[in-house]
Amino acid sequence: MQAGGTPKNVLSVILLAAACIAQLIPCATAQTSATDRVTNATNETRPLKKAGPPHDQNTTGLVTGDPNGTEFATANEIATLIATGQETGPHGEVALRVTPMVGDGGLQNIRDVLTLAEADMSIVPEALLNGVSPVLGLGDVRKQIVYIARLYVAEFHLVVPVTIQNISDLAGKTVNLGVKNSAGAILGGYIFQRLGVKVNVVNLDQSTAMSFITTGDIAADLVLSGKPVGSLASYTNAGVGFHLISIPYLPALEEGFLAATLTHDDYPNLIDTGKSVDSIGARLVLIAYNWPKGSDRYRLLGSFVRTLFSRFSELKDEPHHPKWRHVNLAATLPGWSRFPPAQRWLDQQEFESFLSKFGTGVEADRARLFDDFLRWREQSGGG
């Protein structure tokens, strides 16, 4: 399957199915503490935020996932990139900061972007974003959310004891899908349902789930995060005996998900030398609240985008996470509008590439030519 947008009708089914998981699959819920979470997922009545700025005019908030996951790590790498290379004020202050915020990686992240003044952006799976409007009940979120860039593919990791060899062995057993309302819990529940494997679901954080696998209280932990996930790489198939098993990419999952592979190089302690494990992936996207043009938050996000995009190549170098090497900033997300300063930056790069073919003789007319270029793009359907 190509890494394109997923049809809306299919994703609506994903989310409707997720809403019914508690009835379709017997559920023994063990919820984690909410102290490290951005907001309580049961807060359903807050109005959408206004254009008034949060308390810090120079800080933009990025809601991401579990602190053990790759998405939180990459959010921190973004924050570090933005913070470095800026001139500081007399007290060491910088013009722009990014604050990564712990979220669930799922529906609540999107709700936080829509409602929390300090939550300007989030990293979420496209599958959730495309079908989220009827679930959140906050109107047409395509008018309230824009995207900055499509990111990398996050893989599903199914961690089990060595006594379990394939996913069908989990039928009737207890499986952790991640904290309630997280992307892993919603999309993971859909995957098990579509594969016809009925399991008993619990909602635990990763470290608790792995402890319960050790004691035999649960049979598996499903983790959705970009490979390699550092917290998983620390486990081993020696001693207690953990390993990763395949999730088959069947026709029932072709719309909404991508085929993925986990290798020994990704997880030398969980996959034998020379072996690989088939799995499923979900494309992530960096979204932002659609602040009114000209507002303080709009200008702050514009500054963030220009800094991130102009220095993005640095993220592709070590020691940054290897997932950055799979990101194409110019990739589009069908059905959604890109944040205008992000689109303008990309248009400018395309224009500069085009203009370079004509040498420096056109320098004086560069601004006028760029406006002509944008009008041509719009008229030709390329804008």
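Just so it is clear, the structure is predicted and the values come from calculations on it, not from any experiment.
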Find the distance between CZ (R150) and OG1 (T332) and round it off to the nearest 0.5 Å.
6.5 Å
Sequence-distant partners of D169, side chain to side chain donor-acceptor pair (under 3.5 Å), two or more places apart:
none
Note: D347-R344 ion pair, threshold 4.0 Å (strictly below):
no
Contact between I110 and I145 at the side-chain level, heavy atoms closer than 4.5 Å - yes or no?
yes
Set out, in order, the CA-CA distance, both residues' side-chain angles and the distance that settles side-chain hydrogen bond (donor to acceptor under 3.5 Å, both in side chains) for Y152 and E71, then state yes or no.
CA-CA 10 Å; Y152 51 83; E71 290 62 60; 3.0 Å; yes
For the residue pair H243 and V160, establish whether any side-chain heavy-atom pair is separated by less than 4.5 Å.
yes
Main-chain N/O of S231 paired to N68 side chain as donor or acceptor, under 3.5 Å:
no
May I have all residue pairs that pass ring pair (Phe, Tyr, Trp, His ring centres under 6.0 Å) and include part of residues 158-188, sequence neighbours excluded?
none
Output yes when K323 and E77 qualify as a salt bridge under the 4.0 Å nitrogen-oxygen rule, no when they do not.
no
Could you give the distance from CG (L114) to CD1 (I287), rounded to the nearest 0.5 Å?
7.5 Å
Angle class for the Y298/F339 ring planes (parallel below 30°, perpendicular above 60°, tilted otherwise)?
perpendicular
Tell me whether the guanidinium CZ or amine NZ of R142 lies under 6.0 angstrom from the six-membered ring centre of W336 and within 45° of its axis.
yes
